[in-house]
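I'd like to ask some things about the structure below.
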Amino acid sequence: MLNVGRMLGAGIYSVPGVILNSVGSIGLLFVFWLLAPLFALGGLMVYSEYASLFPKRSGGEVVYLEQAYPHPQFLVPVMFAVTSVLLSFSATNSIVFAQYALAIFDVPITPARQTTIALAVCGVAVAFVALSTKWSLRAVNFLTGLKVLSLVFLVFTGALVLGGFTRIRDPYANFRSPFSGSTANPNSLATALVKTNFAFAGWNNAFNVIGEVRTRDPVRTVRKAGLLSLLLIACLFFFVNVAYVAAVPKDEISNSGQLIAALFFQHVFGEGFAAKSLPIMVALSCFGNITVGQTRVLREIARQGLLPYPRFFASTKPFGTPLAPVCLKYLLTVLVIVGLPAGDAFNFLLDLASYPNLVFGAATAVGLWVLRRRRRLAGLAPSKYRARNIYVFLSLFSAIFLLIMPWVPPEPGHGDVSFWYATYCVVGLGILVLCGFYYWLWIVVLPRLGGYTVVEEVERLEDGALTARLTRKYHFSVSDTDNGEQQPLIAST
């Protein structure tokens with residue numbers, strides 16, 4: 001359920017229209033909904049081999065990168081941490097919630113209304129998480145079940161449309177000449193793949209907690225769960241798109257923005273209450289993704305000494321909840337929602353969140369070959385979950401393609417933002433540069449000025465899992481440093 005709950009987000013309800021507008025044809029729309037899980041499968045196999053080499057280390061990608069690239073020391077965890085903090089906003093789900101909420105009440109979507117509702121729902125979600133972890137988790141579990149129900153309902157309704165049991169007169173119209181209007185523009189194809197990858201985000205979620213899996217073979221358990229969840233979600237997403245295409249004319253899908261699910265039920269059920277049922281489910285699903293998000297990740301980053309004032313950000317006072325990370329996430333969400341044009345905010349933020357992670361993804365794929373060679377030279381046996389090279393190539397190709405092709409100009413009318421098409425690439429690279437500066441400042445400059453060295457402490461928890469944090473080790477004499485006790489990397493003074 002870890003993987004399924006994460007993948008069942010706003011993506012399947014909000015990106016099909018953007019994808020069709022980019023690729024130009026129904027045939028290519030379906031092709032990309034088949035390609036995305038194939039690339040995810042490559043990543044899943046790569047992660048499985050990494051996990052088999054470090055089965056006691058939770059954390060997923062950051063742990064694997066740290067093992068593959070140990071030098072410069074601490075560069076990987078610091079860059080990964082800063083990137084996670086800067087991209088921890090919940091703006092995309094808030095924006096989709098706002099659009100569907102307005103659609104439910106037949107209120108025209110304007111920039112002011114969208115921004116106001118997005119900020120309001122994010123504020124409510126933050127208050128919900130800040131006041132009670134127990135009830136927020138219960139809400140997430142309930143809303144995860146609702147997500148599954150809504151998708152099954154949508155697929156079932158699509159089957160009725162194709163069977164001729166609804167008001168849709170010709171459900172097969174869009175399936176004739178499916179590749180008519182297809183584009184070969186690299187930017188448009190990259191945009192489509194970014195959007196489908198967004199919908200499948202979360203296929204690797206279980207690897208983040210593999211150290212907590214209590215089975216005879218945790219890697220086998222997590223790998224099997226990943227394969228089953230990916231297959232399930234891939235089938236659901238594909239047939240949901242079949243349902244959309246059967247009920248909604250092609251031009252309307254292309255121009256639907258993030259409201260394809262609302263259009264689907266309007267065409268099938270008219271303007272009555274039944275047409276509002278799925279948009280209500282979509283809005284609630286988006287709310288569920290806002291409530292928890294990355295607050296646990298931010299708290300763990302603070303506990304590892306990678307944020308200023310770590311005690312403040314790691315504290316659960318006064319309500320027993322991660323209040324400081326929640327407030328930080330809310331502040332970032334407010335800044336990006338207010339600072340971007342409302343019509344471009346969803347697409348830009350989705351693209352931006354993917355770009356720095358593509359660099360990490362490419363490094364993860366290459367790092368597996370590096371790690372294999374290092375182990376071979378050390379005389380160590382290969383992993384019994386060794387990924388075939390074709391899977392490594394798939395993972396690497398996907399990342400490189402999406403890093404390079406967005407720089408190619410799109411065809412007129414097919415860009416997904418109104419300003420310069422590659423802005424998110426520049427901002428994404430800027431975030432990585434900022435991460436490098438943060439590393440240089442906190443790990444190199446300040447230790448020299450403060451007379452200390454940054455060292456890593458690895459602790460074995462009671463359940464056998466390993467955790468690490470960065471601390472300061474001062475160069476003074478023992479008597480001058482309070483018996484040589486190490487202090488957190490970033491003091492919370």
Side-chain angles (χ1 to χ4, degrees), residues 9-11 13-15 17-19 21-22 82-103 107-126 187-188 190-192 194-195 197-199 201 255-260 282-283 286-287 289-290 293-294 298 326-358 402 406-407 409-410 413-435:
Y13 305 114
S14 57
V15 299
V18 181
I19 295 170
N21 183 61
S22 296
V82 177
T83 302
S84 298
V85 171
L86 294 178
L87 298 179
S88 63
F89 45 76
S90 294
T92 50
N93 285 290
S94 301
I95 291 168
V96 175
F97 179 96
Q99 293 186 356
Y100 274 89
L102 290 169
V107 177
I109 299 174
T110 65
R113 289 169 179 161
Q114 176 181 303
T115 300
T116 301
I117 294 177
L119 292 177
V121 71
C122 188
V124 171
V126 164
N187 184 289
S188 297
T191 297
V194 167
K195 300 303 188 291
N197 283 348
F198 168 73
N255 297 320
S256 65
Q258 286 75 57
L259 294 174
I260 178 60
V282 174
C286 294
F287 182 81
N289 284 0
I290 296 169
Q294 291 179 295
L298 297 182
V326 168
C327 292
L328 174 61
K329 184 176 179 178
Y330 178 67
L331 176 62
L332 292 171
T333 301
V334 170
L335 289 176
V336 295
I337 289 177
V338 173
L340 289 169
D344 296 315
F346 176 83
N347 287 327
F348 177 77
L349 293 173
L350 191 158
D351 296 339
L352 172 61
S354 72
Y355 204 77
N357 290 322
L358 292 171
L402 293 178
W407 295 92
H414 289 276
D416 64 347
V417 293
S418 62
F419 41 85
W420 186 50
Y421 57 90
T423 302
Y424 78 90
C425 302
V426 176
V427 176
L429 292 176
I431 288 175
L432 293 177
V433 171
L434 182 61
C435 292

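Residues: numbered from 1 along the sequence shown.
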Quiz item: Which pair of heavy atoms, one from Ala190 and one from Leu402, lies closest together, and at what distance?
Solution: O-CD2, 3.4 Å
Quiz item: How far apart are the closest heavy atoms of Tyr421 and Pro409, and which atoms are they?
Solution: OH-CG, 3.4 Å
Quiz item: Which heavy-atom pair separates Leu432 from Pro356 by the least distance, and what is that distance?
Solution: CD2-CB, 4.0 Å
Practice problem: Carefully, step by step, assess Val18 and Gln258 under the rule side-chain contact (heavy atoms from CB on, under 4.5 Å). | Solution: CA-CA 7 Å; Val18 181; Gln258 286 75 57; 3.8 Å; yes
Self-check item: Minimum heavy-atom distance Tyr100-Ile260, with the two atoms named
Solution: OH-N, 3.6 Å
Exercise. For Lys195 and Ile19, work out which heavy atoms get closest and say how close.
Key: CB-CG1, 3.6 Å
Practice problem: Kindly determine whether Val426 and Tyr355 satisfy side-chain contact (heavy atoms from CB on, under 4.5 Å), including the steps that lead there. | Solution: CA-CA 9 Å; Val426 176; Tyr355 204 77; over 6 Å; no
Practice problem: Spell out, as yes or no, whether a donor-acceptor pair under 3.5 Å connects the side chain of Thr115 to the backbone of Ala112. | Solution: no
Quiz item: For the atom pair OG (Ser188) and CG (Asn21), what is the distance rounded to the nearest 0.5 Å?
Solution: 8.5 Å
Exercise. Measure from the side-chain N and O atoms of Thr423 to the backbone N and O of Trp420, and report whether any donor-acceptor pair falls under 3.5 Å.
Key: yes
Exercise. Drop me the distance from Leu102's CG to Leu259's CG, to the nearest 0.5 angstrom.
Key: 9.0 Å
Quiz item: Just wondering, do Trp407 and Cys425 contact through their side chains at under 4.5 Å, heavy atoms?
Solution: yes
Practice problem: Measure the shortest side-chain to side-chain distance between Ser94 and Leu119 over non-hydrogen atoms and say whether it is less than 4.5 angstrom. | Solution: no
Self-check item: Shortest non-hydrogen contact from Ala91 toward Ile337
Solution: CB-CG1, 3.7 Å
Exercise. Check whether any side-chain heavy atom of Phe97 lies under 4.5 Å from a side-chain heavy atom of Cys122, and answer yes or no.
Key: no
In residues 340-350, what donor-acceptor pairs under 3.5 Å come from side-chain atoms, sequence neighbours left out?
from   : atom 1 : to     : atom 2 : distance (Å)
Asp344 : OD1    : Ser418 : N      : 3.0
Asp344 : OD2    : Ser418 : OG     : 2.4
Asn347 : ND2    : Asp416 : O      : 3.0

Quiz item: At what distance, to the nearest 0.5 angstrom, does CG of Leu87 lie from CG of Leu352?
Solution: 5.5 Å
Practice problem: Answer yes or no: is there a donor N or O on one side and an acceptor on the other, between the side chain of Arg113 and the main chain of Pro108, under 3.5 Å? | Solution: yes
